[in-house]
Amino acid sequence: MSQIHISNEYHPARVLTMVYQPFALGTMATLAHFEAKVDTRRRNLFGYIVFFFGTLALLVLDLASSGKGGIENYIGICVIVASLGVADAYVQGGMVGDLSFMCPEFLQSFLAGVAASGALTSALRLVTKAVFEKSDNGLRKGATLFLSISTLLVFLCILLYAFYFPKLPIVKHYRSKAASEGSKTVSTDLAAAGIQTQESKITDATNSKQLSHKQLLLQNIDYAIDLFLIASVSLSIMPGFLYENTGMHHLGSWYAIVLIAMYNVGNLISRYIPLVKKLKLESRKGLMFATLLRLLFIPCFYFAAKYGDQGPMTMLTSFLGLTNGYLTVCVLTAAPKGYKGPEQNALGNLLILCLIGGILSGVSLDWLWLIGSKEKII
């Protein structure tokens, strides 16, 4: 990757997230509005393909520029990152909407996979830092390895989603059920599995009984607020604050990397906790209380960075990840219950819109940590 260093006057990590998220939010808002008319299979495949070519383009840009920096290369990276934001909206909203009318374990597995990507990224960063730290262009070599693996994994996702997933018997069952309830977004998926649907069976009476987007949002406004606040709090701290505002301490340059890894590991582990029924929080009031309680992380991190050492900071970061993953899964698996297939798909898209909105809010608020510092933002 082109050499972009975090310095006292330059914050590329924060800038790239600010480029990524508005495109993700704008695209997701459009798709959430028209979700009933957008074929899920084409939507998800398009998103995965854009992800594939986006990560591949980053590799090509690096090779073409021989890893050199410069404003032209950075603009190129920003354009690619914006396209990845669009892909994120296509895939994340499409997959969550699609899985929302299936068994909750499917949705939980997908959300755990999202967290696993973060844990894998941290693992690769730790390994590449250990291997390449003392070599020339070690950061670039690590980034190249990561992007190569990412490109391969996304290509594998395309193949699995296109040829394997739609033919699973349980997936065919749920999609057929959704089609019988009036869903028009699964017809191509069913056709890929060898099942033909007749749109004439979907009557106007069936469609008229379905709740509108506004009705769904009003009935689930607490879930929407939960996801917005969960993402806002987490992303206002991670990764910008953890990279630039926590000092060096005894771990030196490893400190921020270890903190990010602890967050990602906690985020991954906690997404499996709701599989144990007795440990799953399903009370709507309980979820709201737990979500509001997470606002205390902000002053806690401030005082831990200012007065504490790496012990309290590591503990706080781990707990931030644990609560993020756990509450996200609890909300997204509880909200679709009791609705018809098309409504569950619509609600899944609306909730992801709120989640992405929370992420954008978080990465925007993340800049506030720089107020009062000696750093100069350009």
Side-chain angles (χ1 to χ4, degrees), residues 20 23-60 79-103 106-107 109-114 116-117 120 147-179 183-197 199 332 336 341-342 344-353 355-356:
Y20 184 100
F23 281 91
L25 181 63
T27 304
M28 189 63 237
T30 303
L31 290 171
H33 181 71
F34 295 104
E35 55 79 28
K37 300 178 182 179
V38 179
D39 185 272
T40 302
R41 179 176 174 83
R42 296 192 182 100
R43 169 182 174 172
N44 288 337
L45 284 175
F46 176 79
Y48 281 126
I49 290 170
V50 173
F51 264 128
F52 172 76
F53 283 108
T55 52
L56 183 63
L58 289 172
L59 279 172
V60 172
V79 171
I80 296 171
V81 167
S83 72
L84 295 177
V86 172
D88 183 18
Y90 269 83
V91 172
Q92 189 170 192
M95 289 300 298
V96 169
D98 198 20
L99 298 175
S100 290
F101 56 73
M102 300 184 191
C103 53
F106 277 19
L107 185 54
S109 295
F110 174 77
L111 296 173
V114 174
S117 65
L120 178 60
L147 289 172
S148 300
I149 294 174
S150 297
T151 304
L152 179 62
L153 289 176
V154 175
F155 183 70
L156 181 61
C157 287
I158 295 173
L159 296 179
L160 289 174
Y161 183 80
F163 301 108
Y164 180 72
F165 186 69
K167 295 182 180 179
L168 292 173
I170 191 170
V171 173
K172 290 192 288 185
H173 164 73
Y174 281 111
R175 283 177 172 163
S176 297
K177 181 174 180 291
S183 176
K184 297 180 181 180
T185 63
V186 296
S187 57
T188 306
D189 283 303
L190 290 173
I195 301 174
Q196 298 297 324
T197 59
E199 292 190 8
L332 285 174
Q344 291 171 322
N345 184 31
L347 180 57
N349 277 269
L350 290 171
L351 291 178
I352 292 300
L353 175 62
L355 181 68
I356 294 177

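FYI, the numbering just counts along the sequence from 1. Both backbone and side-chain heavy atoms feed into the values below; hydrogens, waters and symmetry mates do not.
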If you look only at distance, which donor and acceptor atoms sit under 3.5 Å apart when one is on a side chain in residues 45-56 and the other is two or more places apart or in another chain?
residue : atom : partner : partner atom : Å
Thr55   : OG1  : Phe51   : O            : 3.1
Thr55   : OG1  : Phe52   : O            : 3.0
Thr55   : OG1  : Thr151  : OG1          : 3.1

Result block: side-chain N/O donor-acceptor pairs under 3.5 angstrom for residues 84-102, not counting sequence neighbours:
residue : atom : partner : partner atom : Å
Asp88   : OD1  : Gln92   : NE2          : 3.0
Asp88   : OD2  : Tyr20   : OH           : 3.1
Asp98   : OD2  : Arg175  : NH2          : 2.5
Ser100  : OG   : Val96   : O            : 2.5

All N/O donor-acceptor pairs, side-chain side in residues 157-168, below 3.5 Å, sequence neighbours left out:
residue : atom : partner : partner atom : Å
Tyr161  : OH   : Asn44   : ND2          : 2.9

Sequence neighbours excluded and cut-off under 3.5 Å, please list the side-chain donor-acceptor pairs for residues 25-35, or say none.
residue : atom : partner : partner atom : Å
Thr27   : OG1  : Phe23   : O            : 2.8
Thr30   : OG1  : Gly26   : O            : 3.1
Glu35   : OE1  : Asn345  : ND2          : 3.2
Glu35   : OE2  : His213  : NE2          : 3.0

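Nearest approach of Ala36 to Thr185, heavy atoms of both residues: O-CG2, 3.6 Å. Nearest heavy-atom pair, Pro342 versus Ser183, reported as atom, atom and distance to 0.1 Å: CG-N, 3.4 Å.
With rounding to the nearest 0.5 Å, the separation of CD1 in Ile352 from CG in Asn349 is 8.0 Å. The distance from atom CD1 of Ile195 to atom NZ of Lys172, rounded to the nearest 0.5 Å, is 5.5 Å. With values rounded to the nearest 0.5 angstrom, Asp39 atom CG is found 6.5 Å from Asp189 atom CG.
Listed by chain and residue number, nothing satisfies the side chain to side chain contact (heavy atoms under 4.5 Å, CB included) test with Leu152 (two or more places apart in sequence, or in another chain). Remark: Arg41 engages no residue in a side chain to side chain donor-acceptor pair (under 3.5 Å) (not counting sequence neighbours).
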